[in-house]
> 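Below you will find the structure I want to go over with you.
Since this is a predicted model, take the numbers as computed values, not measurements.
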Amino acid sequence: MASFPKRTRTCGELRAQDIGTTVTLNGWVDTRRDLGGVIFIDLRDRYGITQIVFNPQRGSDAHAAAKELRSEFVLSVTGTVERRPEGTAHPGLETGEIDVMVSALMILNRAETPPFPMDESAETAEDLRLKYRYLDLRRPSLQRTLMFRHRMYQITHRYFDSRGFIEIETPVLMKSTPEGARDYLVPSRVHRGRFYALPQSPQTYKQILMVSGFDKYVQIVKCFRDEDLRADRQPEFTQIDIEMSFVDEIDIQNLAEGLIATFFKELKGIDIPLPLPRFTYREAMETYGSDKPDTRFGLKFCDITDLVGRSGFKVFADNVQRGGVVAGFVVPGGASLTRNQMDTIVDFTKGLGAGGLVYFKWTEQGLETAVEKFLGKDIVAAIAAHMGAAKGDLILLVSDVWLKAYTILGSLRLEMARRLNLIDETRNDLLWVTEFPMFEYSEEEKRFVAMHHMFTAPHPDDIELLTTDPGKARARAYDIVLNGNEIGGGSIRIHDRELQSKVFGLLGMGPEEAEKKFGFLLGAFRYGAPPHGGIALGFDRIVMLMTGMKSIRDVMAFPKTASAMSLMDEAPSEVEDKQLRELHIRVV
RNA sequence: GGGGCGGUAGCUCAGUUUGGUUAGAGCGCCUGCCUGUCACGCAGGAGGUCGCGAGUUCGACUCUCGUCCGCCCCGCCA
């Protein structure tokens, strides 16, 4: 039994066809315009805004009560829908043709003046928005984004359900695993000195579900990583986690790119041509200097190692002697950059760890470069020709070992594109990067670490390399990239105990340690593990990119700050001594 | 862990370079007037530990040191 007149309609739906009907609306005071006699209130709910009118001649009690209305008061109003007088319709508002002439007003709740306005006319400091998140969430931008996000959940569920996938929840309290990100730990009260970890991903569980015969698994699931944050990284985030049995790479990729294309079609009306372009890791690095290339602009790289390997320029020649590469790219029209601008670019490149940056400017006077006296006119001209440069262009060259040279060029390429405004923001460039290396060498730990994760299967042609040259072995791993952002990654997994043990060994984990940490998984593999593989897609990141938000915080209801604090509820917080004692924990 | 930027009225900011009278503006808020506004209008008013703590100085929003908080980047994030 309601203690107030319940709404019969929402604030977003009344139109001219409703004129003459009596309605009750519930909502918040968005703005108030008190003209002394007549009072206009914009009443707001999540469906929209309807102007309600208090006229002393049409309801003097309601009008008197309306005098005290202020921003964000919660109201129930009853009145008749009327056409606005000639010339006073509001074309910018969907409900702009009508008013609700109020006969009865009930104030359901009063509100203090909010610390910032609900309209988004002025930028508001983010820490304030986070402290008063419940108010920020009333604002149009977050309302829109969270509704977009809701639709993406629904599309996801429908997409997978219609393809026979089973949604299964996996534990949030799980076993801490080595490698990868730092775990969030949860102390056990019952077992002194033992800890659960929050999942970095449900990786082991979904593989075990494959052993159990659930050959198509999906879950929209929270994951937790205790690492430092960025604009696109939060300590807890959501993934669309997928695993399938009896499949290879192409099956997973078709499924995942189909989902992304469905998002674009249904949420934005955009057709994404499928299948998506594929780049091997090597191609991506050697063309764009990134394992998540942004292909919305050119500035593709060109290898000139062979042209300069025996030149008189010792920086290049010595590097090539040591097995390094020399490569670079052409910036069309870049010759007009000033000396000052070039100095900034050189400094930027050095800041990335480069020894230096060699550049040629092709001006009216011809090819100009500070290193012409070392390379010689002919080689300079040959480089420009080989790279396809023209008059007015700038050529940028970096010389270093393969990975470092291309990584530096990749950052420089992005920087130049931003500086020169070359990025076409209207494009939606999706692609796959495949054939990642199995391992990368960790200088810190003096051993190989898994580039994707340690359950990733090696490329069938590279099994031998695991023994002879593990650093060269390719993995059956793949990432999906949108406009230079990694939005998902997966692999075909190892389903063979022997091979899995071998990979553990290469990662410096002996049989005993492997048994202790992953005995349950290896145990499952004894009882008939099917070939399987999967992928995880970054749900928040996809919402962020599709809604054009700059930060992942803008697509989450209750995000944390860059120092992982929640400003609204002030988590993390200190706890009672009693709680600590029960958990056998002392703070040092 | 490192680098950069920021913290002044409820909000958005100016003032800090070169220390010096009473720290300003717009919006919001409060009061009054106003019967078709929609950025309503008009008149008046209130509102400040200049993030915090030391120091230098006759005097600190301003200079120095420390510290806290926010944002961005590097490291890190299989």
Side-chain angles (χ1 to χ4, degrees), chain A residues 30-43 49-58 63 67-68 70-72 82-93 95-96 99 101 112-132 135 177-183 200-201 203 223-235 237 348 351-353 407 411 414-415 436-440 442-445 448-456 475 477 479 486 489-491 503 507 536 538 550-551 553 560-565 567 570:
Chain A
D30 197 61
T31 52
R32 154 183 83 111
R33 292 177 294 279
D34 182 350
L35 273 60
V38 68
I39 298 171
F40 298 97
I41 299 284
D42 286 343
L43 197 66
I49 283 178
T50 295
Q51 176 166 276
I52 61 176
V53 186
F54 297 88
N55 186 309
Q57 271 97 56
R58 305 285 299 279
H63 178 265
K67 278 277 168 194
E68 61 178 301
R70 293 294 182 273
S71 290
E72 303 308 312
E82 299 189 353
R83 181 179 297 281
R84 294 196 187 187
E86 189 69 26
T88 62
H90 192 318
L93 209 58
T95 57
D99 285 330
M101 185 63 66
E112 292 179 22
T113 304
F116 51 81
M118 295 305 104
D119 74 68
E120 289 168 314
S121 50
E123 284 279 305
T124 305
E126 195 168 357
D127 49 349
L128 201 71
R129 291 174 47 204
L130 290 172
K131 181 175 176 187
Y132 298 96
L135 296 179
T177 52
E179 304 258 325
R182 226 171 268 121
D183 283 327
Q200 298 173 30
S201 86
Q203 185 60 38
C223 301
F224 306 85
R225 294 178 189 174
D226 187 4
E227 295 293 345
D228 289 333
L229 308 180
R230 288 288 187 283
D232 62 352
R233 278 176 9 201
Q234 281 274 302
F237 59 99
F348 173 85
L352 299 170
T407 303
S411 301
L414 285 175
E415 176 68 14
F436 279 84
M438 280 288 282
F439 310 106
E440 54 191 341
S442 166
E443 286 299 334
E444 192 185 330
E445 301 190 47
F448 284 116
V449 294
M451 193 151 174
H452 182 56
H453 60 52
M454 55 187 126
F455 312 110
T456 301
D479 280 358
E486 182 195 331
S491 62
V503 170
L507 295 170
K550 292 275 188 301
S551 162
R553 294 183 298 276
K560 291 176 178 61
T561 67
S563 66
M565 294 233 296
L567 296 181
E570 295 185 310

> Base, sugar-phosphate alone, or nothing: which one does A/Ile39 contact when heavy atoms must sit under 4.0 Å apart?
nothing

> Any side-chain N or O of A/Thr561 below 4.0 angstrom from OP1/OP2 of B/C69?
no

> Let me know the distance between CZ of A/Phe40 and C1' of B/C40, rounded to the nearest Å.
9 Å

> How many Å lie between CD on A/Glu120 and C1' on B/C27, as a whole number?
16 Å

> Considering heavy-atom distances to RNA chain B, does A/Leu128 or A/Gly37 have its closest nucleotide positioned more toward the 5' end?
A/Leu128

> Under a 3.5 Å cut-off for both distances, is B/A60 Watson-Crick or wobble paired, and to whom?
none

> What nucleotide among B/A39, B/C72, B/G36 has an atom nearest to a side-chain atom of A/His90?
B/A39

> Taking OP1 and OP2 of B/C30, is either one under 4.0 Å from a side-chain nitrogen or oxygen of A/Arg70?
yes

> Select one nucleotide: of B/U35, B/G70, B/C73, the one nearest the side-chain heavy atoms of A/Gln57.
B/U35

> Check every strand shown and say whether A/Arg553 touches a base, only sugar-phosphate, or nothing at a heavy-atom separation below 4.0 Å.
sugar-phosphate

> NA contact type, A/Glu123, heavy-atom cut-off 4.0 Å: base, sugar-phosphate, or nothing?
sugar-phosphate

> Need one value for A/Pro85: base, sugar-phosphate or nothing, where a base atom within 4.0 Å counts as base even if backbone is also close, heavy atoms only.
base

> With a 4.0 Å cut-off on heavy atoms, is A/Asp119 in touch with a base, just the backbone sugar-phosphate, or nothing at all?
nothing

> Got a sec: does the CZ of A/Arg83 have more than 12 other heavy atoms crowding it under 6.0 Å?
no

> Can you tell me which nucleotide in B/C72, B/G70, B/U35 comes closest to the side chain of A/Ser551?
B/C72

> Indicate, with a heavy-atom threshold strictly under 4.0 Å, whether A/Thr88 touches base, sugar-phosphate, or nothing.
base

> Examine the base of B/U37 for any acceptor or donor lying under 3.5 Å from a partner atom in the side chain of A/Arg32, and report the outcome as yes or no.
no

> Once you round it to whole Å, what is the distance between C1' of B/C77 and CD of A/Glu440?
12 Å

> Nearest heavy atom decides the nucleotide; on that basis, is A/Arg233 or A/Ala562 closer to the 5' end of RNA chain B?
A/Ala562

> Answer yes or no: is there an ion pair linking A/Glu82 with A/Arg58, defined by an N-O contact shorter than 4.0 Å?
yes

> Do the charged groups of A/Arg233 and A/Asp228 touch, with an N to O distance under 4.0 Å?
no

> Any N or O donor-acceptor pair linking the side chain of A/Asp127 to the base of B/G7 at under 3.5 Å?
no

> Just how far, in rounded Å, is C1' of B/G28 from CE of A/Met118?
12 Å

> Please give, in whole Å, the distance from B/G7 P to A/Glu126 CD?
16 Å

> Think A/Arg230 has a side-chain N or O under 4.0 angstrom from the OP1 or OP2 of B/C74?
yes

> Checking all strands, does A/Ala536 fall into the base, sugar-phosphate, or nothing category for heavy-atom contacts under 4.0 angstrom?
nothing

> Taking atom C1' in both B/A9 and B/C58, what distance in whole Å separates the two?
30 Å

> Given B/U12, B/C76, B/U37, which nucleotide is nearest the side-chain atoms of A/Asp99?
B/U37

> Applying a 4.0 Å non-hydrogen cut-off, can you work out what A/Thr456 is touching in the nucleic acid: base, sugar-phosphate, or nothing?
nothing

> Select base, sugar-phosphate, or nothing to describe what A/Asp226 touches, counting heavy atoms under 4.0 Å on all strands.
nothing

> Answer with base, sugar-phosphate or nothing: what part of the nucleic acid does A/Met101 contact at a heavy-atom distance below 4.0 Å?
base

> Between B/C77 and A/Arg225, counting only base atoms on the nucleotide and side-chain atoms on the residue, is there a donor-acceptor pair under 3.5 Å?
no

> Quick one: A/Arg84 CZ to B/C40 C1', roughly how many Å, whole number?
13 Å

> Taking atom P of B/C74 as reference, at what distance in whole Å does atom CZ of A/Phe348 sit?
10 Å

> Please work out which of the three classes, parallel, tilted or perpendicular, describes the rings of A/Phe116 and A/Tyr132, given edges at 30° and 60°.
perpendicular

> Give the rounded distance in Å between these two atoms: CE of A/Met451 and P of B/C77.
12 Å

> Check the phosphate of B/C29 against A/Thr113, side-chain N and O only, distance under 4.0 Å to OP1 or OP2. Yes or no?
no

> Is there a donor and acceptor pair, one atom on the side chain of A/Arg33 and one on the base of B/C34, closer than 3.5 Å?
no

